[in-house]
2 protein chains.
Amino acid sequence: MKLEASGWKIGSVDEFLELSQEETEFIELKLSLSQNLKERRQSLRLTQKDFARMIHSSQSRVAKMEAGDPAVSIDLLVKSLLALKTSKKEVAGMLPH
Amino acid sequence: MKLEASGWKIGSVDEFLELSQEETEFIELKLSLSQNLKERRQSLRLTQKDFARMIHSSQSRVAKMEAGDPAVSIDLLVKSLLALKTSKKEVAGMLPH
DNA sequence: TGAATATATGTCGAAAATGACATGTATTCA
DNA sequence: TGAATACATGTCATTTTCGACATATATTCA
């Protein structure tokens, strides 16, 4: 999984070139939601633009969500999934490895 | 479940006194994480103050997290749970109804 | 091919979330 | 009881995330 390529910071103040287990799990969790969101949108034959209108957001933000951009919150990802009629159980199913 | 008591807005511009299914599910999801976080912290015999230090936050913010304050993000709740060595599978188990 | 459509990326001011602090209220226990 | 400890609540300046926009790059398809 190319975390580096998604713009996730690799270096930090405390650790140089190393992500803590906790940080890694957090990022993986978000990427799982991102990927599932993209799959769901596509399987519904929605364009990013149309989906953006559904959630009162913008095409560029949808693209960032799906790209796993670090500057997108889990809150927005979850709200987006719920807007696609994803059940809580389905959201839960996206989390475990 | 007393959503109103937790400070969640009941009225909005579009709908007066009614939460959409989507909004309700989002709030319930957050409250589940809140409650589980509180239980986990308590079972580990950690004070809010001590836990706050662990996650580089403050006692007041921990209190707000556990109270289900709307102004607390899922991101912070998830990071907090992960700091308590909660596995992704365990987080997933908190979500379904 | 090339126009139309779809997606990716960078930037901005506005809005929301943050840690910190002060202070109020419960709870504990000697 | 009352002091000590734990938790709740309100506010504030700073940081982060937001929708929006411009524009670059991919993809589709006639």
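First the proteins, then the strands, lettered A, B, ... as listed; each starts at 1.
Overall bending of the helix from dT1(C)-dA30(D) to dA30(C)-dT1(D), expressed as the angle between end axes built from five pairs apiece, is 50° (10° steps).
Checking each of Ile55(B), Leu33(B), Thr86(B) against Ser80(B) for a side-chain contact (heavy atoms from CB on, under 4.5 Å) leaves exactly one that passes, namely Ile55(B). Of the candidates Val72(B), Asn36(B), Leu82(B), Leu77(B) forms a side-chain contact (heavy atoms from CB on, under 4.5 Å) with just one, namely Val72(B).
Where Ser73(A) and Ala63(B) each meet DNA chain D at their nearest nucleotide, the meeting point lying more 5' is that of Ala63(B).
At whole-Å resolution of the value, CD in Gln48(A) and P in dC21(D) are 17 Å apart. Computed from coordinates, the Leu76(B) CG to dT15(D) P distance equals 17 Å when rounded to whole Å. Look at CG on Leu46(A): it is 10 Å from P on dT7(C), rounded to the nearest Å. Straight-line distance from the CG atom of Leu37(A) to the C1' atom of dT7(C): 14 Å, rounded to whole Å. Between the CD atom of Gln42(A) and the C1' atom of dT7(C) there is a distance of 10 Å, given to the nearest Å. Put simply, CG on Asp75(B) is 8 Å from P on dC18(D), counting in whole angstrom units. Straight-line distance from the CG atom of Asp50(A) to the C1' atom of dT7(C): 13 Å, rounded to whole Å. Between Ile74(A) atom CD1 and dT17(D) atom P there is a gap of 11 Å when expressed in whole angstrom units.
Between the Asp75(A) side chain and the Ile74(B) main chain, a donor and an acceptor come within less than 3.5 Å of each other.
Between Gln59(A) and dA6(C) there is no side-chain N or O to OP1 or OP2 distance below 4.0 Å. At the phosphate of dG19(D), neither OP1 nor OP2 sits under 4.0 Å from any side-chain N or O atom of Lys49(A). Contact check, Lys79(A) against dG19(D): no side-chain N or O comes under 4.0 Å of OP1 or OP2. Arg41(B) has no side-chain polar atom (N or O) that falls below the 4.0 Å cut-off from OP1 or OP2 of dA6(D).
As judged by a 4.0 angstrom heavy-atom cut-off over every strand, Thr47(A) is placed among residues touching the sugar-phosphate backbone only. Val62(A) comes within 4.0 angstrom of nothing in the nucleic acid, heavy atoms only. Residue contacts for Arg53(B): at a heavy-atom cut-off of 4.0 Å it reaches no nucleic acid atom on any strand shown.
Closest of all the heavy-atom pairs between Ser43(A) and Arg40(A) is OG-O, 3.0 Å.
Under the 4.0 Å criterion applied to side-chain N and carboxylate O atoms, Lys88(B) and Glu25(A) are not assigned as salt-bridge partners.
Side-chain N/O atoms of Glu66(A) and Gln48(A) include a donor and acceptor closer than 3.5 Å. Side-chain contact, Glu90(A) with Ser87(A): a donor N or O sits under 3.5 Å from an acceptor N or O.
When the side-chain hydrogen bond (donor to acceptor under 3.5 Å, both in side chains) test is applied to Ser32(A), no partner is found at least two apart in sequence or on another chain.
Residues Asp50(A) and Arg41(A) fail the side-chain proximity criterion, which asks for heavy atoms closer than 4.5 Å.
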Please list, pair by pair, any protein nitrogen or oxygen found under 3.5 Å from a nitrogen or oxygen in nucleotides 11-15 of chain C.
from, atom 1, to, atom 2, distance (Å)
dT11(C), O4, Lys64(A), NZ, 2.9

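In the set dA8(D), dA8(C), dT17(D), dA8(C) carries the atom at the smallest distance from any side-chain atom of Glu66(A).
Distance check, rounded to the nearest 0.5 Å: NZ of Lys79(B) to OG of Ser73(B) gives 7.0 Å.
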